Amino acid sequence: MFRLNPEQLVFVTERHLATLTTLRADGSPHVVPVAFTWDADAGVARTTARRSSTKVANARRATAEGGRPRAALCQVDGGRWLTLEGTIEVSEDPDEIADAVARYTKRYRPLEHDPERVVLRLTPDRAMASTYMA
């Protein structure tokens, strides 16, 4: 399981937005702003989205080799930044959606109920960061 170091852990709990990069069917990057939460116990970053969004479609698309798609999540604040790279998958599990919404509410603000909401779960295997966080 992937662990963040103490400096990275503090940074991902501050109230910042990030960009999520997924790959379209033609291989070109799709980059969008997202709010996310870090689950240190599971070693995953979660964001919620509507199931009809492009990022969800990209996260559902297997690689040419049949593997799980990859994505990058990058949070920036001035000269501080952290990028998490790894596999991404879609969860429609009601318990995971409820947990993601609760975590989002704690970090950002309450979300309205949306029956089209799903969770994008990024399981990182690499992190890149500003020097003091590396």
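Starting from 1, each residue takes its place in the sequence as its number. Quick caveat, the model's predicted, so the values are computed rather than measured.
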Would you say [X] and [Y] are hydrophobically clustered, going by side-chain heavy atoms of ILVMFWY under 4.5 Å?
{"X": "Trp81", "Y": "Leu4", "answer": "no"}
{"X": "Leu23", "Y": "Val56", "answer": "no"}
{"X": "Leu122", "Y": "Val90", "answer": "yes"}
{"X": "Leu20", "Y": "Leu111", "answer": "yes"}
{"X": "Tyr108", "Y": "Val32", "answer": "yes"}

Donor-acceptor under 3.5 Å ([X] side chain, [Y] main chain):
{"X": "Asn5", "Y": "Met133", "result": "yes"}
{"X": "Arg117", "Y": "Glu112", "result": "yes"}
{"X": "Glu116", "Y": "Arg50", "result": "no"}
{"X": "Glu96", "Y": "Val119", "result": "no"}
{"X": "Thr21", "Y": "Val31", "result": "no"}

*Taking the six-membered ring of Tyr104, is NZ or CZ of Arg46 closer than 6.0 Å to its centre and within 45° of its axis?*
no
*Considering only heavy atoms from C-beta outward, does the side chain of Arg107 approach that of Thr13 to under 4.5 Å?*
no
Compare every heavy atom of [Y] with every heavy atom of [X], then report the nearest pair and how far apart it is.
{"X": "Gln8", "Y": "Ala129", "result": "NE2-CB, 4.0 Å"}
{"X": "Leu84", "Y": "Pro124", "result": "CB-CB, 4.1 Å"}
{"X": "Ala25", "Y": "Arg61", "result": "N-NH1, 3.3 Å"}
{"X": "Pro69", "Y": "Ala62", "result": "CD-CA, 4.4 Å"}
{"X": "Asn58", "Y": "His30", "result": "ND2-CB, 3.6 Å"}
{"X": "Ala127", "Y": "Leu82", "result": "CB-CD1, 4.2 Å"}

*asked:* Please report the interatomic distance CZ(Phe11) to CG(Asp77), rounded to the nearest 0.5 Å.
replied: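 Reported to 0.5 Å precision, the distance equals 5.5 Å.
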*In Å, rounded to the nearest 0.5 Å, how long is the span from NE2 of His16 to SG of Cys74?*
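One finds 12.0 Å between NE2 of His16 and SG of Cys74.
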*Heavy atoms of other groups near Arg68 CZ, more than 12 under 6.0 Å*: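 Above 12, so yes.
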_Assess, by modelled atom type and distance only, whether the side chains of Ser91 and Asp93 contain a donor and an acceptor separated by less than 3.5 Å._
no
_Any donor-acceptor pair under 3.5 Å linking the side-chain atoms of Arg103 with those of Thr37?_
no
*Arg70 and Glu65: CA distance, side-chain angles, deciding distance, salt bridge (Lys or Arg N to Asp or Glu O under 4.0 Å) verdict*: CA-CA 12 Å; Arg70 293 188 60 81; Glu65 299 79 27; over 6 Å; no
*Among Thr87, Thr83, Ile88, which one satisfies side chain to side chain contact (heavy atoms under 4.5 Å, CB included) with Glu85?*
Thr83
*asked:* Using the side-chain hydrogen bond (donor to acceptor under 3.5 Å, both in side chains) definition, which of the options Glu7, Glu14, Gln75 pairs with Arg80?
replied: Glu14
*Relative to the ring of Trp38, is the ring of Phe2 parallel (under 30°), tilted (30 to 60°) or perpendicular (over 60°)?*
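Taking Trp38 first and then Phe2, their aromatic rings stand perpendicular (interplane angle over 60°).
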